[in-house]
Amino acid sequence: MKKHIAVVPGDGIGKEVTSVGKAVLEKIASKYGHTFTYEEALIGHVAIEATGDPLPHDSLEIMRNSDAVLFGAVGHPKYDNDPTAKVRPEQGLLKMRKELGLYANLRPIKLFDELLDASSIKPEILRGADILFFRELTGDVYFGKRERIDGGNTAYDTMIYSKYEVERIARKAFDSARTRSKRLMSVDKANVLESSRLWRETILEVAKDYPDVELEHQFVDAAAMLLIKDPRRFDVVVTGNLFGDILTDEASQIAGSMGMLASASIGDGTGVYEPIHGSAHDITGKGLANPMASVLSAALLLDISFGLKEESNDVINAVDAVLKAGYRTRDIANQNTPPEMILGTDDIGMKILERL
Ligand code: NAD
Ligand code: IPM
Ligand code: MN
């Protein structure tokens with residue numbers, strides 16, 4: 001198979017983890033006789049520094065003209081600490097999602113058995129947890145009108161959804177529920193928000209086409225509580241952009257660490273595969289970043305964009321084997337991990353490549 005992949009590392013640990021994700025794709029190509037070609041593009045702070053624009057036109061074209069995008073992370077403390085900055089790295093990420101029509105963000109929460117004790121949640125509560133979030137990605141308060149008024153002393157953001165936006169993410173989630181345990185949880189705040197009432201109304205309409213799927217609604221506050229109380233109660237979850245952002249960072253603790261969570265952003269065109277974590281400047285340049293989220297994002301890329309299921313499973317199994325052998329990055333180690341088994345980003349990447 002011949003495929004062209006845009007590699008977009010972005011900022012901070014984005015660069016460190018994406019180089020491991022890319023190495024895994026290269027390994028898979030040589031092992032299975034595929035030809036993958038790569039093209040790098042700038043986004044985020046590095047793009048602002050080089051061009052003044054967090055998503056230069058050229059970068060978007062490179063992504064549009066590729067078969068899939070392997071993305072890292074954006075962000076820089078300079079902007080996090082300056083609320084007045086008009087140009088921000090995150091604008092590049094949001095524009096990429098909008099321009100590529102990436103309305104569905106799939107965030108699998110897969111707990112590797114070996115990491116049962118890496119979480120702060122009790123093993124008996126966690127064992128067997130396996131959740132798939134469908135986070136809507138191109139609507140909501142992220143893209144609604146926002147403004148400062150009253151001479152800058154008042155600000156608002158608009159939480160906005162149209163029926164078609166809810167319907168298309170709902171269909172993806174219902175379709176997926178059919179292939180899993182036939183249960184779907186929709187998360188909203190319909191007891192307060194009008195946009196959530198439209199959300200729930202639309203979910204109920206779409207549900208008529210899926211009588212074989214058991215639908216449950218939860219308010220987002222209760223869902224946040226239940227996720228920690230009883231993670232196994234969750235299977236497929238569909239929710240809006242903001243609630244999905246927050247709940248999946250919370251859910252990363254079910255998988256042990258932010259460094260374990262991969263995602264696939266799909267929709268109208270080229271798919272983007274990205275860890276859910278950010279640029280993590282607290283650990284940038286120290287070799288401490290866990291690259292498994294990027295490696296597992298590469299596995300999602302192989303499966304979803306290229307239909308290479310066997311290759312994708314091979315990558316997941318290699319991660320599993322490295323964990324079974326006892327190797328850890330610092331974020332998934334605990335007090336019982338022997339210090340010599342705690343590896344840096346590139347070294348644990350090498351272990352994964354060796355298994356492949
Ligand atoms: P973050 O995800 O970057 O980091 C949160 C915590 O998790 C930090 O302690 C970090 O060290 C740890 N962590 C994250 N990924 C890790 C990994 N792979 N291995 C080990 N530890 C890991 O979130 P934040 O600190 O809230 O944000 C930092 C910057 O990243 C901000 O500028 C934010 O806007 C941006 N951000 C970008 C994305 C993205 O590009 N998709 C996602 C989230 C945050
Ligand atoms: C994510 C991030 C982004 C989001 C930020 C950086 C804009 O947190 O990908 O989860 O909120 O979607
Ligand atoms: Mn997030």
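Both ligands and their constituent atoms are indexed starting at 1 by order of listing.
- The N/O atoms of E90, backbone and side chain alike, include none that comes under 3.5 Å of an N/O atom in ligand 2.
- At distances below 3.5 Å, not a single donor-acceptor pair connects side-chain atoms of D82 with backbone N or O atoms of K78.
- Considering backbone and side-chain N/O atoms, V74 comes within less than 3.5 Å of an N/O atom of ligand 1.
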Residues 248-256, side-chain donor-acceptor partners within the protein, below 3.5 Å, at least two apart:
from	atom 1	to	atom 2	distance (Å)
T248	OG1	R107	NH1	2.8
T248	OG1	G244	O	2.6
T248	OG1	D245	O	3.2
S252	OG	D249	O	2.7

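- In N290, the parts holding a heavy atom less than 4.0 Å from any atom of ligand 1 are both the side chain and the backbone.
- Excluding waters, the set of protein N, O or S atoms lying under 2.8 Å from the Mn ion (ligand 3) comprises D245 OD1.
- Look at R88 and you'll find every heavy atom at least 4.0 Å from all atoms of ligand 2.
- If you look at R135 next to ligand 2, the close heavy atoms, those under 4.0 Å, all belong to the side chain.
- The backbone N or O of S312 lies less than 3.5 Å from no partner atom in the side chain of D303, so there is not a single donor-acceptor pair.
- For atom 9 (O) of ligand 2, the nearest non-hydrogen atom of the protein is R97 NH2, 2.7 Å.
- The ligand atoms of ligand 2 that sit less than 4.0 angstrom from a heavy atom of R107 are 1 (C), 9 (O), 10 (O).
- Sparse packing is recorded around NZ of K27, with 12 or fewer heavy atoms of other residues, nucleotides or ligands lying under 6.0 Å away.
- Contacts of D249 with ligand 1, taken as heavy-atom pairs under 4.0 Å, are absent altogether.
- Residue, atom and distance of the protein heavy atom nearest to atom 5 (C) of ligand 2 are L93 CD2, 4.1 Å.
- Scanning the protein heavy atoms around atom 8 (O) of ligand 2, the nearest turns out to be D245 OD1, 3.3 Å.
- Contact annotation for H277 and ligand 1: heavy atoms of both the backbone and the side chain come within less than 4.0 Å of the ligand.
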